[in-house]
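Every number for a ligand or one of its atoms is a count from 1 in the order of the listing. None of these values were measured; they are calculated from a predicted model.
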Amino acid sequence: MMIKAGIYGATGYTGYELVKILSRHPAVHLLFATSNAQAGQTLADIYPAAPSLSLIAPDDAPLAEADIVFLCLPHAAAAAAALDALAAGVRVIDLSADFRLKDADSYAHWYGHQHPAPDLLAEAVYGLTEFARAELPAARLVANPGCYPTSILLALQPLLCAGAVAGPIIADAKSGVSGAGRTLQHHTQFVEVADNFSPYKIGRAHRHLPEIEQQMRFWNPAAPQLIFSPHLLPVPRGILSTIYVPLQNLAGFRKPARFANTEDNLHQLYHDTYGREPFIHLLPAGQLPSLAHVTHTNRCALALTLAGSTLIITSAIDNLLKGAAGQAVQNMNVMLGIEETTGLL
Ligand SMILES: NC(=O)c1ccc[n+]([C@@H]2O[C@H](COP(=O)([O-])OP(=O)(O)OC[C@H]3O[C@@H](n4cnc5c(N)ncnc54)[C@H](OP(=O)(O)O)[C@@H]3O)[C@@H](O)[C@H]2O)c1
């Protein structure tokens, strides 16, 4: 039987990626696609290469017929749509930040308004798929991780769980312009971005910081502070994060001692975690990921470089796929018992 799926916010960058994946997914029937401002048009009026799909207003969504919905909406609008869908008995994968933070006060601090549905925060499953497989099949509500958090958390998990981090971690991350969404903004216009490269909200000022640190502490309550410095790259899509991790007990944190050389040791640690993962590509020693390794794929490419007692992890993803729509479909597949890679290879 086909799964009936709806997309809220299909005209946005993540919504359009979902349309492309779900319209060729063999187990899914794309039931509806919403737009607030462009209801009544077709998606092909906006994206000429899109399938011919009528856009409906969010209030007209046929929730009674749906099995699952994807929310590709701004925060707050997403929580309101989640409440409607859950009340209709429909499962929800939210690509916004509305259900990622477990603490409503932290959400109010970082997003500037009270949480619209604080009672749902405890229930929401944080959908970093590789580490959420046990919870996803029973989940009603999945908080799809942010794009920067996906690139940084996948890079850090093995070290945090091994207790190998000695002090503050620095994540220097660069994102293509689609990370800011399709809504017109001064700083993402062509003339501002082309031939330019700029940092923004560096240090401890970006909204993704509490999301990343929350998950770091879930894996290791003694996890150190993160310094997170995002940058805007003059390319349409892709994130490259270069992460500096001071190590402790390098020789001792891994047994058996047959791994004489520490770089082998670290590679083995990451291989143990990710060696069988279909979407995590651990590059051989000496190779480094670039955006070209990952754009238009659901992959995360990781490389390890040891510099004295600091491990430098480079992590690349496509912000619209592994950082958003691709990971959302990976989560849906696990939730519904479909082969995890379906529609994504
Ligand atoms: N871009 C990324 O790389 C990325 C990665 C991970 C997560 N996210 C998150 O995913 C969500 C969507 O991001 P995006 O980049 O796709 O955004 P976007 O390109 O700005 O698209 C937003 C979509 O939401 C619709 N919309 C806007 N306001 C609405 C409202 N009040 N009620 C109903 N619909 C509304 C828009 O429809 P109309 O304009 O047609 O009305 C549009 O379809 C955001 O929460 C974002 O933070 C984005």
Side-chain angles (χ1 to χ4, degrees), residues 6-21 32-47 50 53-61 69-85 92-101 107 110-113 116 126-128 142-153 173-185 188 206-208 211-212 230 232-233 235-241 291 294-296 298 300 317-331:
I7 301 174
Y8 286 82
T11 58
Y13 288 147
T14 62
Y16 180 39
E17 291 299 321
L18 265 171
V19 168
K20 288 191 278 186
I21 300 171
F32 68 83
T34 80
S35 163
N36 211 32
Q38 289 154 110
Q41 299 187 39
T42 71
L43 196 60
D45 293 332
I46 296 150
Y47 296 105
L53 189 66
S54 298
L55 296 165
I56 61 169
D59 287 347
D60 294 335
V69 293
F70 295 85
L71 310 180
C72 304
L73 301 173
H75 57 87
L83 284 169
D84 289 347
V92 173
I93 299 178
D94 178 21
L95 281 76
S96 88
D98 274 348
F99 297 101
R100 296 181 197 151
L101 298 179
Y107 178 92
W110 286 98
Y111 290 90
H113 57 91
Y126 189 67
L128 191 65
V142 172
N144 217 58
C147 45
Y148 283 125
T150 296
S151 80
I152 293 167
L153 289 168
K174 298 101 186 161
S175 174
V177 185
S178 61
R182 192 165 182 265
T183 308
L184 289 178
Q185 299 170 78
T188 57
H206 192 282
R207 285 170 170 169
H208 285 170
E211 177 184 340
I212 301 169
L232 190 61
L233 267 184
V235 299
R237 58 201 291 162
I239 286 180
L240 185 75
S241 298
L291 296 186
V294 294
T295 46
H296 302 283
N298 193 48
C300 174
I317 61 167
D318 185 322
N319 56 296
L320 296 177
L321 290 171
K322 186 58 178 163
Q327 181 150 247
V329 173
Q330 201 183 341
N331 283 329

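Within the 4.0 Å heavy-atom criterion, neither part of Q185 lies near ligand 1. When non-hydrogen atoms are compared, ligand 1 lies under 4.0 Å from the backbone of S178 (N, CA, C, O) but not from its side chain.
Those atoms of ligand 1 with a heavy atom of L320 less than 4.0 angstrom away are 1 (N), 2 (C), 3 (O). Remark: ligand 1 atoms within the under-4.0 Å shell around heavy atoms of A37 are 38 (P), 40 (O), 41 (O). For ligand 1, the atoms sitting less than 4.0 Å from at least one non-hydrogen atom of Q38 are 38 (P), 39 (O), 40 (O), numbered in the order shown with element in parentheses. Of all atoms in ligand 1, numbered sequentially from 1 with element shown, those under 4.0 Å from a heavy atom of G323 are 5 (C), 6 (C). In summary, the atoms of ligand 1 found under 4.0 Å from a heavy atom of G179, numbered by their order in the structure, are 1 (N), 2 (C), 3 (O). Atoms of ligand 1 found under 4.0 Å from any heavy atom of R100, numbered from 1 in the order shown, are 7 (C). Atoms of ligand 1 lying under 4.0 Å from at least one heavy atom of S96, given by number and element, are 45 (O). The atoms of ligand 1 that sit less than 4.0 Å from any heavy atom of A324 are 5 (C), 6 (C).
Counting only heavy atoms of the protein, atom 19 (O) of ligand 1 lies nearest to R182 N, 2.8 Å. Given atom 28 (N) of ligand 1, the protein heavy atom at minimum distance is P74 CG, 3.5 Å. Counting only heavy atoms of the protein, atom 30 (C) of ligand 1 lies nearest to N36 ND2, 3.6 Å. Protein heavy atom at the shortest distance from atom 23 (C) of ligand 1 is C72 O, 3.4 Å. At the top of the distance list for atom 7 (C) of ligand 1, counting protein heavy atoms only, stands L95 O, 3.3 Å. At the shortest separation from atom 17 (O) of ligand 1 among protein heavy atoms lies G181 CA, 4.0 Å. Scanning the protein heavy atoms around atom 14 (P) of ligand 1, the nearest turns out to be T14 OG1, 3.8 Å. The shortest contact between atom 21 (O) of ligand 1 and any protein heavy atom is with G12 CA, 3.1 Å.
At distances below 3.5 Å, not a single donor-acceptor pair connects side-chain atoms of D318 with backbone N or O atoms of G238. A distance-only check finds no donor-acceptor pair linking the side chain of D84 to the backbone of A81 [under 3.5 Å]. Remark: the backbone N or O of G9 is paired with a side-chain donor or acceptor of T34 at under 3.5 angstrom. When atom types are taken as modelled, the side chain of E211 and the backbone of G146 share a donor-acceptor pair closer than 3.5 angstrom. Between the R207 side chain and the W110 main chain, a donor and an acceptor come within less than 3.5 Å of each other. The closest donor-acceptor contact from the side chain of D98 to the backbone of A79 lies under 3.5 Å. In this structure a side-chain-to-backbone donor-acceptor pair under 3.5 Å is missing from Y8 to G15.
For ligand 1, the polar-atom distance check finds no N/O of T34 at less than 3.5 Å from any of the ligand's N/O atoms. Here's the thing with T11: one of its N/O atoms is less than 3.5 angstrom from an N/O atom of ligand 1. For a threshold of 3.5 Å applied to N or O pairs, the pair formed by P58 and ligand 1 contains no separation below that value. Annotation: G9 places an N or O atom under 3.5 Å from an N or O atom of ligand 1; distance criterion only. At under 3.5 Å, a nitrogen or oxygen of L73, whether backbone or side chain, sits near a nitrogen or oxygen of ligand 1.
Within the 4.0 angstrom cut-off, atom 47 (O) of ligand 1 has no protein heavy-atom neighbours. Counting only heavy atoms, the protein gets under 4.0 Å from atom 2 (C) of ligand 1.
A donor and an acceptor atom, one from each side chain of Q41 and S35, are nowhere located under 3.5 Å apart. If you check the side chains of Q330 and N298, you find a donor sitting under 3.5 Å from an acceptor.
Partners of E17 according to the salt bridge (Lys or Arg N to Asp or Glu O under 4.0 Å) rule, which considers only residues two or more places apart in sequence or in another chain, are K20, R237.
Atom CG in L95 sits 6.0 Å away from atom CG in L18 (nearest 0.5 Å). Atoms CG and CZ, from D60 and F32 in turn, are 10.5 Å apart once rounded to the nearest 0.5 Å.
Ligand 1 lies out of reach of E17, whose nearest heavy atom is not under 4.0 Å from it.
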